[in-house]
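Sequence positions, counted from 1, serve as the residue numbers for this chain.
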Amino acid sequence: MESKLRIRKTQSLRRGRVSVPNARYFVTICVEDRKPVLCSEKNWKAIRDQLESQQREGDLKLHCAVLMPDHLHLVFRLGARLKLGHVIGKFKAKLDIEVPWQKDFYDHMLQADDSEESYGLYLFMNPYRASLVELDAEWEFWKRWREAPFDFEEFLREGEVIPTQWISESEKVKAGIIKRDAW
């Protein structure tokens, strides 16, 4: 029996997209065909450098990011210079690594009552939920740019195990994103 590959309809990712200057966004940028090619120190450095360059240029104000083998999650505040699609397009175009990015990206504009803390925890826990790293180890491809630490960081101690309930808490954020953005 021949299996059929699911056809990605990335054009539907743009449906409902709005660019609001100074709004907070949760964005996911995927590698084409979800190939696990991202997680290397070289790629992570290039990604951080490009994001920080765009921050200096006023495109965005970074809050946090996590690099996964086949995608990148970001939480940031959009600047007033460019629309959201242009910021992500510029990121992909100027990034100095050989990565075949998926054509579009997923975005979710955080509402006033959306907790940035929850999204920070969601990003932080992503590699742990995916069993890419043990709960007593540190994932080297996560970064917080915002000055104030997230509340959950207060409980992180070197060599200690991350509480397993954090996984279920971050799953609630994921479920909320999917439910809210379902068309």
Gln54 side chain to Val87 main-chain N or O, any donor-acceptor pair under 3.5 Å?
yes

Test side chain to side chain donor-acceptor pair (under 3.5 Å) applied to Lys172 - qualifying residues, sequence neighbours left out
Glu169

More than 12 foreign heavy atoms under 6.0 Å from CD of Glu57: is that the case here?
yes

Quick check on Glu153: does its CD atom have over 12 non-hydrogen neighbours (other residues, nucleotides or ligands) under 6.0 Å away?
yes

Could you check whether atom CG of Asp96 has more than 12 heavy atoms from other residues, nucleotides or ligands sitting under 6.0 Å from it?
no

Neighbour count >12 (heavy atoms, 6.0 Å) for atom NZ, Lys92
yes

Ignoring hydrogens and angles, write down the donor-acceptor pairs under 3.5 Å from the side chains of residues 22-32, residues two or more places apart or on other chains.
unit_1	atom_1	unit_2	atom_2	d
Arg24	NH1	Asp114	O	3.4
Arg24	NH2	Gln111	O	2.8
Arg24	NH2	Asp114	O	3.1
Tyr25	OH	Val18	O	2.6
Tyr25	OH	Val20	N	3.0
Thr28	OG1	His73	ND1	2.8

Rounded distance (nearest 0.5 Å) linking atom CD1 of Ile167 with atom CE of Met125
4.5 Å

Report the distance from atom CG of Leu67 to atom CD1 of Ile47, rounding to the nearest 0.5 Å.
4.5 Å

When rounded to the nearest 0.5 Å, the distance separating CG of Leu78 from CG of Leu84 is 6.0 Å

Do you know the tightest heavy-atom contact between Leu62 and Gln55?
N-OE1, 2.6 Å

Using modelled atom types and a 3.5 Å cut-off, is there a donor and acceptor pairing between side-chain atoms of Asp107 and backbone atoms of Ser19?
no

Contacts of type ring pair (Phe, Tyr, Trp, His ring centres under 6.0 Å), residue Tyr128, not counting sequence neighbours:
Phe124

Considering all heavy atoms, the nearest Leu38-Met68 contact
CB-O, 3.4 Å

For Glu41, the side-chain contact (heavy atoms from CB on, under 4.5 Å) test, sequence neighbours excluded, returns Trp44, Arg48, Glu140, Phe141

How long is the span from the CH2 atom in Trp166 to the CG atom in Leu121, to the nearest 0.5 Å?
6.5 Å

If I compare all heavy atoms of Ser170 with all of Tyr122, which pair ends up nearest, and what's the gap?
O-CD1, 3.2 Å

For Glu116, what residues pass the side chain to side chain donor-acceptor pair (under 3.5 Å) criterion, not counting sequence neighbours?
His63, Arg146

With sequence neighbours excluded, tell me which residues meet side chain to side chain donor-acceptor pair (under 3.5 Å) with Glu52.
Trp145

Side-chain contact, heavy-atom cut-off 4.5 Å: Leu156 with Ile162?
yes

Heavy-atom closest contact (Ala80 atom, Pro21 atom, distance)
CA-CB, 4.0 Å

Gap separating the CG atom of Leu51 from the CZ atom of Phe91, nearest 0.5 angstrom
4.5 Å

For Val66 against Trp142, the heavy-atom pair lying closest together
CB-CD1, 3.8 Å

For Lys143, is the NZ atom crowded, meaning more than 12 foreign heavy atoms sit under 6.0 Å from it?
yes

First locate atom NE2 of His71, then atom CH2 of Trp101, and finally report the distance between them rounded to the nearest 0.5 Å.
10.5 Å

Any donor-acceptor pair under 3.5 Å from Gln102 side chain to Arg34 backbone:
no

Which heavy-atom pair separates Pro69 from Cys39 by the least distance, and what is that distance?
N-SG, 3.4 Å

Would you check if there is a donor-acceptor pair between the side chains of His108 and Tyr119 at a distance under 3.5 Å?
yes

